[in-house]
Asker: 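Supplied in C-alpha cells, the structure appears directly below.
Everything numeric in this text was worked out from a predicted model, so none of it was measured. In what follows, every chain begins at residue 1, and chains take the letters A, B, ... in the order their sequences are listed.
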Number of protein chains: 2
Amino acid sequence: MAYDGEASSTREAILLEARRCFSDHGYEGTSLNDIAAGVGIRRASVLHHFPSKEAVYQAVFEQALADWGDRIDRAVAHGGPDDEGWTHLDRVLTVAVRWFADNPEFVRLVRHESLAAGTHLGFDLGEALRPWFQRAVNYFDREMGAGRLRKHDPEQLIISGYGAILNYFSDVHFLHGLLGRDPMAEEAIEARIQAIRDFFRAALEP
Amino acid sequence: MAYDGEASSTREAILLEARRCFSDHGYEGTSLNDIAAGVGIRRASVLHHFPSKEAVYQAVFEQALADWGDRIDRAVAHGGPDDEGWTHLDRVLTVAVRWFADNPEFVRLVRHESLAAGTHLGFDLGEALRPWFQRAVNYFDREMGAGRLRKHDPEQLIISGYGAILNYFSDVHFLHGLLGRDPMAEEAIEARIQAIRDFFRAALEP
DNA sequence: GTCTATACGCAGATAGAC
DNA sequence: GTCTATCTGCGTATAGAC
C-alpha cells in the first residue's frame, strides 16, 4: 500500500516526503533541501538513494501510477450479478471518486504534470494513459450502443467527467477560498460524491 | 484588448511574454531571464519596469482577471427578449467556453495559481472570485426554483461545470498525448463546445 | 548511510555608466 | 530605458571522511 503515512526505510521516507512536496509546489518549486528537511536528513543523503532530483520525481510518479492502476482494475472487475448499465458505471465512478478523495496528493501530482509544457517525467503522461482511456471509450460505446446508457460522445464524456472529478481535489486550496469552508471535510466530500453521481445519472441514465 | 499578440510598449511586451512563460511553466519555473530573452532585452531592464518578479506576476494576473470580468459581464447582460432558463444559460456558457478557448494562457495561469499551496499573488484567488461565484449560485437558485432549470445543488453544479470546461483548455498538452491529436484544432474545439452544451442540457433542461 | 566541504551555475536584485 | 558589473543566496551534484 503505497499511500499510507508510514515509511519502512529511508528510501520510502524520501518518496513519501517528495510526493508531498512535489504535489504542493510542483517540480520546480521543490528543492532537494525541502525533501531532505522533511525526512530529517541532509541533501547529500537524498542523493545517495537517488541519482538525481529527476530520478526522485520519476520514482514518485511510478509508485503513484501503479497504485492507481491497481485500484481501478479491481473496481472494474468486482461487479456483482446485476452489474451493468448505470449501476456498473455508478459503482466504478463512486470508487474512483472516493479514491481520489483519499489521495489528493496523487491528483495534484498529475495536475502539475499535465499542466507542464516541458516535462521532467521522461515519458508522456497522456500517451501512457491512452490505453486506459481507450478501454473506457470502448466501454461507453458498448453500453450506449446497447441502450443501457443515454447516448453522448464517449471521449467528450470522459473528458468532462475527469475534469469535474479531479478539479475538486486538485483545487482544494482555491475552493476553500471560493466557498469559505473546508472542501475536504467529511460531509463536504460526501456531498461532492453525491453531486457527481446525481449529475452523471441525470445525463446518462436512459 | 489585453489578449492580443501585439505590444505597444516595452512594459506591455514584458507582460505579454511573462503571461506566456508563467502559464507554461508556473511562477517558480519562470525566471526573469526567460522573460527578458523573450522580449529581447536584459534581466535588469525588466526590473526597471517592475520592482520585482512577484510584481510582474501580479500585474499579469490583474490584467487577465480584469479582462475576464469584462467579458463575462457583457455576456450576462446581453440577453434578448426570450433570454431565460436554458436558453440564457446556454448562451452564456457558449460565450464563456469560447473565451476560454481563445485564451488558454489565462486558463493555465489560473490553474497554476489554484493548484499552488503558497501563493505569489498577494491575495487569495478563491476569495476574490467568491462574489462571482455567489452571483452564479443565486442565478441557479432562482432559475431552479422557478422550474426553468432542472434541480441540482447549484454550488456543486458550478464546480462540476468549471471543472469540465477549464480542464480541456488547461491540459491541452496532456490531452494531445491522450487523444493522439491536436485538441486545439478548430473542429476539435467546436466539438468540445457542442459536447459541453449537450451534456449540460441533458442534465439541466426541464 | 549519513555527514561536511566544495564546485559551479543560476536565481533575484542593486548600482551606476551611457 | 537599457546596459554591464556586481552582490548574495540557493540550486544540483560530487568527493571524501566517518
Side-chain angles (χ1 to χ4, degrees), chain A residues 6-63 109 112-113 115-123, chain B residues 6-63 109 112-113 115-123:
Chain A
E6 221 46 43
S8 55
S9 65
T10 304
R11 199 193 136 94
E12 281 299 312
I14 292 171
L15 286 175
L16 207 67
E17 180 63 25
R19 196 175 63 215
R20 188 195 341 271
C21 291
F22 285 135
S23 73
D24 276 355
H25 307 290
Y27 182 83
E28 333 269 357
T30 298
S31 75
L32 291 176
N33 272 335
D34 297 333
I35 298 170
V39 175
I41 57 177
R42 296 294 215 162
R43 190 173 63 225
S45 304
V46 173
L47 291 169
H48 171 78
H49 295 272
F50 297 91
S52 69
K53 180 182 170 182
E54 285 212 333
V56 178
Y57 187 69
Q58 287 165 15
V60 165
F61 240 92
E62 203 173 319
Q63 209 186 43
L109 212 53
H112 267 114
E113 186 60 29
L115 203 48
T119 183
H120 301 272
L121 202 51
F123 63 92
Chain B
E6 222 45 44
S8 55
S9 65
T10 304
R11 198 192 136 93
E12 281 299 313
I14 291 171
L15 286 175
L16 207 66
E17 180 63 25
R19 196 176 60 214
R20 189 196 338 271
C21 290
F22 285 136
S23 73
D24 275 354
H25 307 289
Y27 182 84
E28 333 270 357
T30 299
S31 75
L32 291 176
N33 272 335
D34 296 333
I35 298 170
V39 175
I41 56 178
R42 296 294 217 162
R43 190 172 66 228
S45 303
V46 174
L47 291 170
H48 171 77
H49 296 272
F50 297 91
S52 69
K53 179 181 169 181
E54 284 212 334
V56 178
Y57 187 69
Q58 287 165 15
V60 165
F61 240 92
E62 204 173 319
Q63 207 187 44
L109 212 53
H112 268 115
E113 187 59 27
L115 204 46
T119 184
H120 302 272
L121 203 52
F123 63 91

Asker: Write out all pairs satisfying salt bridge (Lys or Arg N to Asp or Glu O under 4.0 Å) with one or both partners inside residues 20-46 of chain A, taking only residues at least two apart or from two chains.
Answerer: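 Matches after skipping sequence neighbours: A:E17-A:R20, A:D24-A:R108.
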Asker: How would you give the extent of chain A contacts on DNA chain D, as first and last nucleotide 5' to 3' within a 4.0 Å heavy-atom cut-off?
Answerer: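 Footprint of chain A along DNA chain D, 5' to 3': D:dG11 to D:dT14.
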Asker: Of all residues at least two apart in sequence or in a different chain, which pass the side-chain contact (heavy atoms from CB on, under 4.5 Å) check with A:A36?
Answerer: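 Applying side-chain contact (heavy atoms from CB on, under 4.5 Å) to A:A36 gives A:I41, A:V46.
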Asker: What are the two closest non-hydrogen atoms of A:I14 and A:V39, and how far apart are they?
Answerer: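 Distance-wise, the nearest heavy atoms are CA-CG2, 3.8 Å.
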Asker: Please report the interatomic distance CG(B:L109) to CZ(B:F61), rounded to the nearest 0.5 Å.
Answerer: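 CZ of B:F61 is found 4.5 Å from CG of B:L109.
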Asker: Using side chain to side chain donor-acceptor pair (under 3.5 Å) as the criterion, list what pairs up with B:E54, not counting sequence neighbours.
Answerer: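 Partners of B:E54 by the side chain to side chain donor-acceptor pair (under 3.5 Å) criterion, ordered by chain and then number, come out as B:H120.
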Asker: Please enumerate all residues that pass side-chain contact (heavy atoms from CB on, under 4.5 Å) together with A:E62, with sequence neighbours excluded.
Answerer: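 A:E62: no side-chain contact (heavy atoms from CB on, under 4.5 Å) contacts found.
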Asker: Sequence neighbours excluded, which residues qualify as side chain to side chain donor-acceptor pair (under 3.5 Å) partners of B:Y27?
Answerer: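 Side chain to side chain donor-acceptor pair (under 3.5 Å) check on B:Y27 returns nothing, list empty.
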Asker: Please list, by residue number, the residues of residues 39-56 of chain B whose heavy atoms come closer than 4.0 Å to an atom of DNA chain D; answer none if no residue qualifies.
Answerer: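 Correct list: B:I41, B:R42, B:R43, B:A44, B:S45, B:H48, B:H49.
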Asker: Just to verify, what does A:S8 make a side-chain contact (heavy atoms from CB on, under 4.5 Å) with, not counting sequence neighbours?
Answerer: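 A:E12.
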Asker: Any ring-ring contact (aromatic ring centres under 6.0 Å, His included) involving residues 34-55 of chain B? Give me the pairs, sequence neighbours left out, ordered by first then second residue.
Answerer: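 Of all non-adjacent pairs touching residues 34-55 of chain B, none passes ring-ring contact (aromatic ring centres under 6.0 Å, His included).
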Asker: State which residues pass side-chain contact (heavy atoms from CB on, under 4.5 Å) with B:A116; sequence neighbours excluded, sorted by chain then number.
Answerer: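 Applying side-chain contact (heavy atoms from CB on, under 4.5 Å) to B:A116 gives none.
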Asker: For residues 22-37 of chain B, which residues have at least one heavy atom under 4.0 Å from DNA chain D?
Answerer: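 None - not one residue of the stretch has a heavy atom sitting under 4.0 Å from the strand.
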